[in-house]
Structure formats: structure tokens, C-alpha cells
Amino acid sequence: MAPRTPAKPKGSTSPKTILVTVGTTKFDDLVKAVDDAEFAAAAVAKGYTHLKVQHGAGAYAPHNLIGVGEASGVAASGLTVEFFDYAPSLDMEGATLVISHAGSGSIFEALSIGRPLIVVPNPALMDNHQAELGSHLAQLGHLVCSTPASLTSALTKLDASALEPYAAEGAASGRPAAAGIAAAIDKVVFQSCVQTPVIAACSAC
């Protein structure tokens with residue numbers, strides 16, 4: 001079989017990369033959702049050329065897009081794929097789109113550099129208010145909140161230009177600000193989520 005040629009968006013030679021991260025936790029459902037032919041086809045249809053997946057220490061071994069045990073390769077859709085457990089730096093600045101668990105650190109990093117972001121709260125982590133944080137920031141228009149099962153649909157519908165940049169109140173530059181994001185995290189985690197079950201909030205994503 002002849003080697004597959006990685007997909008490239010028309011009129012562009014620059015790679016468009018989706019970076020997926022589960023952080024330091026295990027989130028096999030998210031990894032399974034992106035290790036999927038339908039997801040890969042949707043990514044190529046949106047013009048993405050590369051998929052990098054930081055899968056952590058989960059038990060799931062990716063095998064649908066590239067061979068079992070392979071760290072990188074090209075999927076049948078033409079999408080260039082790379083899987084890795086951890087890295088000293090995730091290089092979010094090199095990504096065109098970030099798909100992340102809804103940990104506050106990952107959200108802050110992506111928003112602070114202005115990257116379009118789809119967050120997928122991990123329902124197994126019942127004590128960290130991931131669903132409430134993701135849902136709150138999605139309602140404000142700063143990101144898209146999804147579930148593993150609806151991730152392909154969220155990618156297909158994503159309009160990155162419609163997302164609101166996150167800036168601190170009164171910031172003249174309009175650039176994302178650490179203080180504003182930290183304040184929002186404090187508000188969501190310590191005030192607005194106390195009486196909201198995680199699963200209920202996640203169902204709205």
C-alpha cells in the first residue's frame with residue numbers, strides 16, 4: 001500500500017494542528033473520542049492537518065487512527081497523528097485549536113494565549129468542579145464545552161471567530177489576562193457551583 005499523504009487545507013502550506021491534552025489525570029474517554037475515524041475525517045474537513053494527543057497514564061491504547069503501539073503516523077483520512085503520554089511543554093502556542101480536559105490550569109494556559117478551546121470535563125473527577133467551570137466559561141462565549149460523545153459534533157460546528165477573547169475587566173489591550181481568568185475560576189469554584197451537581201452542569205455542555 002502506498003504511503004498516505006497528510007491532508008493540507010487548500011491554499012495553505014502551514015500545518016493546522018489540534019492539540020488534545022488530558023493533563024496529569026487519566027481521561028480515557030477523551031482519548032477514545034479523538035482516536036476515531038469520524039473525528040479525524042471531521043478534522044480534515046475543517047482544514048486541520050495534524051492531531052497531537054497527550055493521553056497521560058490512561059489504560060486505553062490508541063489503535064484506530066494508527067497502529068497499536070505506534071507513536072505517530074498518518075490516518076486513513078490523511079490526518080498526521082501523534083500520541084504521547086507527557087511532555088515538558090505542550091506547546092499550545094503551536095496549536096491552531098486546543099481540546100482539553102476542563103482543568104483550570106489548562107484552560108488558563110489556552111485562553112491566556114488566545115487559542116480557540118474546546119473543553120471536555122472529566123465526570124470521573126467529582127471534586128474539582130470541571131463541569132461547572134467549563135460550562136460557565138462557555139456561557140460567557142470564551143470557549144466551547146463538550147462531552148466525549150459529542151466531541152466530533154462540537155468540532156464540526158466550531159466557529160473559532162465567534163469566541164470571545166478573555167480579558168480582565170477594564171483591560172485596555174483586550175488580550176487575555178491571568179487576573180481575570182483567576183477571578184472567574186474563583187467565582188465558579190467557590191461561589192456559583194456549590195449547589196450544582198457536576199453531571200447536571202455537564203449535561204448542558
Side-chain angles (χ1 to χ4, degrees), residues 16-25 27 29-34 36 38-39 42-43 45-48 51 53-54 90 92-93 95-169 171 174-205:
K16 293 184 63 177
T17 300
I18 299 175
L19 174 65
V20 181
T21 175
V22 303
T24 58
T25 63
F27 196 179
D29 285 347
L30 176 53
V31 180
K32 290 177 184 177
V34 298
D36 177 80
E38 185 178 353
F39 176 88
K46 295 282 286 187
Y48 296 102
L51 173 67
V53 184
Q54 181 263 319
L90 289 178
M92 284 192 182
E93 290 190 355
T96 311
L97 169 67
V98 176
I99 297 176
S100 173
H101 72 125
S104 59
S106 296
I107 289 177
F108 162 74
E109 184 175 358
L111 292 183
S112 68
I113 60 174
R115 290 298 175 269
L117 177 62
I118 299 176
V119 297
V120 184
N122 188 344
L125 303 179
M126 299 293 288
D127 60 346
N128 71 351
H129 304 284
Q130 281 203 4
E132 289 88 346
L133 178 58
S135 181
H136 177 74
L137 293 174
Q139 289 171 8
L140 295 176
H142 301 306
L143 51 78
V144 171
C145 190
S146 180
T147 64
S150 62
L151 184 56
T152 297
S153 176
L155 175 63
T156 300
K157 297 175 182 178
L158 176 67
D159 179 2
S161 67
L163 296 176
E164 292 287 340
Y166 200 110
E169 184 176 354
R175 293 177 61 83
I181 295 173
I185 291 172
D186 287 343
K187 178 179 179 181
V188 174
V189 174
F190 297 109
Q191 299 177 21
S192 63
C193 320
V194 175
Q195 298 179 348
T196 306
V198 169
I199 298 301
C202 203
S203 66
C205 297

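Positions are given from 1, in the same order as the sequence printed here. The model shown is predicted, which means the values in this text are computed figures rather than measured ones.
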* Asked: Can you tell me how far CG of Leu97 sits from CD1 of Ile18, rounded to the nearest 0.5 angstrom?
  -> 5.5 Å
* For Thr24, all residues meeting side-chain contact (heavy atoms from CB on, under 4.5 Å), sequence neighbours excluded -> none
* To do: Hey, could you give me the CD/SG distance between Gln139 and Cys145, rounded to the nearest 0.5 Å?
  => 9.0 Å
* How would you list, by chain and number, every residue that makes a side-chain hydrogen bond (donor to acceptor under 3.5 Å, both in side chains) with Ser100, sequence neighbours excluded? -> none
* With distance as the sole test, does Ser106 use its side chain to make a donor-acceptor pair with the main-chain N or O of Gly103 at under 3.5 Å? -> no
* With sequence neighbours excluded, residues passing side-chain hydrogen bond (donor to acceptor under 3.5 Å, both in side chains) with Thr96 -> none
* Structure fact -> For Pro123 and Pro121 the tightest heavy-atom approach is CD-O, 3.2 Å
* **Counterpart residues, side-chain contact (heavy atoms from CB on, under 4.5 Å), relative to Pro148 (two or more places apart)** => Phe27, Asp29, Ala33, Val120
* Asked: To the nearest 0.5 Å, how far apart are CG in Leu143 and NE2 in His136?
  -> 10.0 Å
* To do: Check the pair Leu117 / Leu163 against side-chain contact (heavy atoms from CB on, under 4.5 Å), numbers first and verdict last.
  => CA-CA 9 Å; Leu117 177 62; Leu163 296 176; 5.9 Å; no
* To do: List in chain and number order the residues that pass side-chain contact (heavy atoms from CB on, under 4.5 Å) with Glu109, two or more places apart in sequence or in another chain; answer none if no residue qualifies.
  => Met92
* Enter the distance from Tyr166:OH to Leu140:CG here, rounded to the nearest 0.5 Å. => 6.5 Å
* Hey, does the side chain of Ser112 reach the backbone of Phe108 with a donor-acceptor pair shorter than 3.5 angstrom? -> yes
* **Straight-line distance of Glu93 CD to Ile113 CD1, nearest 0.5 Å** => 5.0 Å
* To do: Could you grab the distance from atom CD1 of Ile107 to atom CG of Leu137, nearest 0.5 Å is fine?
  => 5.5 Å
* Structure fact -> Residues Phe39 and Val34: closest non-hydrogen pair is CD2-O, 3.6 Å
* Grab the two heavy atoms, one from Val119 and one from Gly134, that are nearest each other, plus how far apart they are. => CG2-CA, 3.9 Å
Distance-only donor-acceptor pairs under 3.5 Å for side chains of residues 151-158, two or more places apart:
residue	atom	partner	partner atom	Å
Thr156	OG1	Thr152	O	2.9

